Amino acid sequence: MDYLEAEEQLTDEQLSEEIERFRRIVLSACSSLGNLQLATGSAQDPTERRMEYVPSDDCLASLKDIKRYIQEDEQGEGKWVLRWLGECNTLQNDIIPIFIHYTKQLNRQLSDHDHDHALKTVMMCVELLVFLTWSMDSEPEEVKVRFIRVLRSYKRAFANSPAVFSLLSTAVMFFRKAHKTDKEALLVKGILYVFRNVLAIPDPLVSPTSRGMSQVEAHDALIAVLDKELAIDFFLTLASSADDKQLKDLRPTLLDIVYYLFYRVPVPALFDQQATWFQADNGSKRLGRHNDFGGVYAVSTGDSTIMPVFNAKEVLHPFANMFKKRQNMRKPRDPAEAKATPVDREWRTLDPASVPILRRVAAVFIDSCFNPFMSAMFEDAKVSGTAMDAMTPRLLYVAAYFVDVSLTNPAVDLGCTSALVQTHIFGLIMRNASAYVEMREWVPLEQAMYCTQQILLSLGRMRGTKLDSLSENVLSNLFYDGDALDLFVRLCRVYKPTKHSRRFLEQVARLTETFLATLKSYAQAKAGLLVKKRVKKRAKKPAKAESDSEEAAADTAPDLDDTGDAEDEESGSEDNDDTNEVLVERAFDVSKFERAFATSDVVKAYSHLLAPPSAIEYVYPMLSRIAVASERPHLFFKRNIMLRML
């Protein structure tokens, strides 16, 4: 009876005994791997005495046994083998020393038998390193809490030069071979997995004002070692050639490595700026206190509270039931309560020594890797045909992150990130965003909005430069597509305090202002802007002529420019049997289009951004757009909205 059968059939007492017996078997295999022995002499000092790890003759067999035990244990729920290996520090004390030992053997002149044995041992070590460092994010919370300290100890073990040098030298050795066997290709892929897994192990989140940070700097120490041993340069070399078909299987892993190198690092930290990451020049000016609202009246609510009112007519508006006793107001959900996400934006404290390293990596990646890497990655995403995978949201985030970096640094040539502003790639991103809205996948939608915002900023910067034709091509397609324009309106209406975080709402506001600023700038330079729209054409009535029916259908169809206080898209009705959709071209009026944002849903959503920390630079333009430009101040006269404004 093996361990798994025993776990299902034995009583609790017998099961405990069986688990202990299995534990002794696993630890026996670990003790058979090798041990420290006294060694004398070195190249520098022949009389030096030191302790050196010496693998046993049965080392390979013991490694295979440990792998088998792990695979058997994966079918259960306790992950006992991984726990025991962590308690005994098997990775640090045995597997890494064995790997380093046999990596050195591979670089020597060996017989075919010895070389084959060394290669098999190295490959088995890499397999175990992948097993032991694999993320526990998909496991239950109890398992994650139990193993996080073990994983962090593994990360500290790799933050030293010998381990990284051995991994890198092995990967380079076999990657450079013109004709690699399948096993050698898997070995290179496995080593990249190890780098990815170790970089992905999170350090504890500590407040920037905390002291005694030595225990949480493993990530910065690892980055320093990777830079010193040129591992980062190896990653960049692979990324710069990512459009090579031979590297197709390595692209997702390289994407993760790049993401984790800049793990929790805000863009301004790379340039020693104090501004918030998302601050961008979108052409909007800071608003005065009253100049966008015309005359402002003040109404006393009777409880020593003064309420602003926009015009004389509204002063007479009955405020019945508006100022009753305060009730508990729903607040936006805290980001920490959001479901697990493939992108972590909980910013960390960055070691000053890591800043020049990451700045150099970002510069090289943008200059040499961004276009080929992103083109290949988005082509893979297009072939997969689905937005609901783990890779796409992270791809959107990484692409947007480096465009953000390039726009922050004026010295970066805009052509270095031009791959992202190709029509087919931008169309794919917009389709993914629309799919996330339809499926109500809010976490990946946030990354799609961030990516779209950065593309729009980049397109705006390209206008009037040598890349103007590229910008013109993308923007003309965007502003001609009525469905794409509808999407930006829908994004402002989806916010619900119980479903979305404040960070999500802030991203909606940033994207909306960037989009409207780009739209206005483009429309001012164009005469007779047209938009292609879907309208419902009702069945012809026998009593009317064909031309009259078409005109009536066009006149009664819902218009993007005049949506007014239309209900949320979630409550829209299905097409009736006697109607069908047709595409028509219409003259586009920006001011009329802005009225689509003047709805109660948008006002409610933006009112949440008035709470500290206030995102007022994005709130004021929208409030002015609704209250003044669209002449709908009555939308503000709801009790909760007024309380937030006060």
Side-chain angles (χ1 to χ4, degrees), residues 1-37 51 53-102 117-118 120-158 163 166-167 187 190-191 193-194 197-198 201:
M1 178 186 301
D2 64 17
Y3 159 65
L4 292 174
E5 293 175 348
E7 188 175 7
E8 294 179 357
Q9 300 178 14
L10 300 180
T11 64
D12 291 344
E13 183 177 352
Q14 292 173 325
L15 180 60
S16 298
E17 294 177 357
E18 189 68 20
I19 290 176
E20 180 59 29
R21 185 183 70 82
F22 187 53
R23 178 177 179 273
R24 289 194 293 268
I25 293 174
V26 173
L27 296 185
S28 175
C30 294
S31 63
S32 302
L33 291 172
N35 52 50
L36 290 172
Q37 296 182 9
M51 299 301 293
Y53 190 93
V54 179
S56 66
D57 295 337
D58 297 329
C59 173
L60 180 57
S62 297
L63 290 172
K64 291 181 179 180
D65 288 340
I66 293 174
K67 176 187 173 183
R68 186 176 73 254
Y69 298 148
I70 293 175
Q71 291 174 329
E72 291 176 355
D73 193 35
E74 284 295 312
Q75 302 176 37
E77 297 180 356
K79 296 193 178 294
W80 297 101
V81 176
L82 294 179
R83 186 189 306 184
W84 297 329
L85 295 177
E87 292 173 352
C88 297
N89 296 323
T90 303
L91 181 143
Q92 300 94 316
N93 296 338
D94 294 284
I95 298 178
I96 288 181
I98 292 171
F99 177 77
I100 294 174
H101 175 84
Y102 280 101
H117 180 267
K120 288 181 178 179
T121 306
V122 166
M123 294 184 66
M124 188 56 57
C125 286
V126 170
E127 288 188 52
L128 289 175
L129 292 175
V130 173
F131 274 127
L132 292 173
T133 58
W134 199 266
S135 171
M136 294 287 177
D137 287 346
S138 60
E139 300 296 332
E141 189 65 25
E142 179 184 357
V143 175
K144 290 194 291 186
V145 172
R146 182 190 307 147
F147 280 97
I148 189 61
R149 290 188 178 182
V150 174
L151 290 173
R152 286 170 180 161
S153 68
Y154 293 164
K155 188 172 188 175
R156 290 191 292 271
F158 279 97
S166 297
L167 285 168
L187 177 59
I191 291 175
Y193 276 153
V194 174
N197 292 352
V198 174
I201 298 171

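Both backbone and side-chain heavy atoms feed into the values below; hydrogens, waters and symmetry mates do not. Please read all numbers here as calculations on a predicted model, not as lab measurements.
- When the shell of 6.0 Å around CD of Glu20 is examined, it contains more than 12 heavy atoms from other residues, nucleotides or ligands.
- Minimum interatomic distance between Leu33 and Leu63 (heavy atoms only, all atoms of both residues): CD2-CD2, 3.6 Å.
- Rounded to the nearest 0.5 angstrom, Leu91 CG and Ile96 CD1 are separated by 4.5 Å.
- For the pair Arg83 and Glu87, the salt-bridge criterion is not met [side-chain N within less than 4.0 Å of a carboxylate O].
- Arg146 and Glu142 are joined by a salt bridge, as a carboxylate oxygen and a charged side-chain nitrogen come within less than 4.0 angstrom of each other.
- Residues Lys155 and Ile201 come closest through the heavy atom pair NZ-O, 2.6 Å.
- Under a cut-off of 6.0 angstrom, the local environment of CZ in Arg68 is crowded, with over 12 non-hydrogen atoms contributed by other residues, nucleotides or ligands.
- Remark: the backbone N or O of His117 is paired with a side-chain donor or acceptor of Thr121 at under 3.5 angstrom.
- Considering only heavy atoms from C-beta on, Lys120 stays 4.5 Å or farther from Met123 through its side chain.
- Checking side-chain atoms of Ser166 against main-chain N and O of Ala163 turns up no donor-acceptor pair under 3.5 Å.
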| said: Let's go through Glu13 and Ser16 carefully: what are the C-alpha distance in whole Å and the side-chain angles of both, what is the deciding distance for side-chain contact (heavy atoms from CB on, under 4.5 Å) to 0.1 Å, and is it a yes or a no? | reply: CA-CA 5 Å; Glu13 183 177 352; Ser16 298; 5.8 Å; no

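- Contact of the Leu128 side chain with the Ile70 side chain is registered, since non-hydrogen atoms from C-beta on lie closer than 4.5 Å.
- Here the CZ-CG distance, from Phe147 to Leu132, works out to 10.0 Å after rounding to the nearest 0.5 Å.
- Interatomic distance, CG of Asp94 versus SG of Cys59, reported as 8.5 Å (0.5 Å rounding).
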| Check against side-chain contact (heavy atoms from CB on, under 4.5 Å), Lys67 and Phe131 | CA-CA 8 Å; Lys67 176 187 173 183; Phe131 274 127; 4.0 Å; yes

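- Checked by atom type, the side-chain pair Tyr53/Asn93 shows no donor-acceptor distance below 3.5 Å.
- Proximity of Tyr102 to Cys125: side-chain heavy atoms (C-beta onward) are nowhere separated by under 4.5 Å.
- A pairwise comparison of heavy atoms in Asp137 and Lys144 identifies CA-CD, 3.7 Å as the closest pair.
- Closest approach of Gln92 to Pro97, counting heavy atoms only: O-CD, 3.4 Å.
- Put simply, CG on Asp73 and CD1 on Ile66 are 13.0 Å apart, with the number rounded to the nearest 0.5 Å.
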| query | Does the pair Arg21 and Arg24 meet the rule for a side-chain contact (heavy atoms from CB on, under 4.5 Å), with working shown? | reply | CA-CA 5 Å; Arg21 185 183 70 82; Arg24 289 194 293 268; 4.0 Å; yes

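- Interatomic distance, Leu167 CG to Phe158 CZ, rounded to the nearest 0.5 Å: 6.0 Å.
- Distance check, rounded to the nearest 0.5 Å: CG of Asp65 to CD1 of Ile25 gives 10.0 Å.
- Checking side-chain atoms of Ser56 against main-chain N and O of Ser32 turns up a donor-acceptor pair under 3.5 Å.
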| request: Could you walk me through whether Glu74 and Leu82 pass side-chain contact (heavy atoms from CB on, under 4.5 Å), step by step? | output: CA-CA 9 Å; Glu74 284 295 312; Leu82 294 179; 3.9 Å; yes

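- Between Tyr193 and Leu129, every side-chain heavy-atom pair lies at or beyond the 4.5 Å cut-off.
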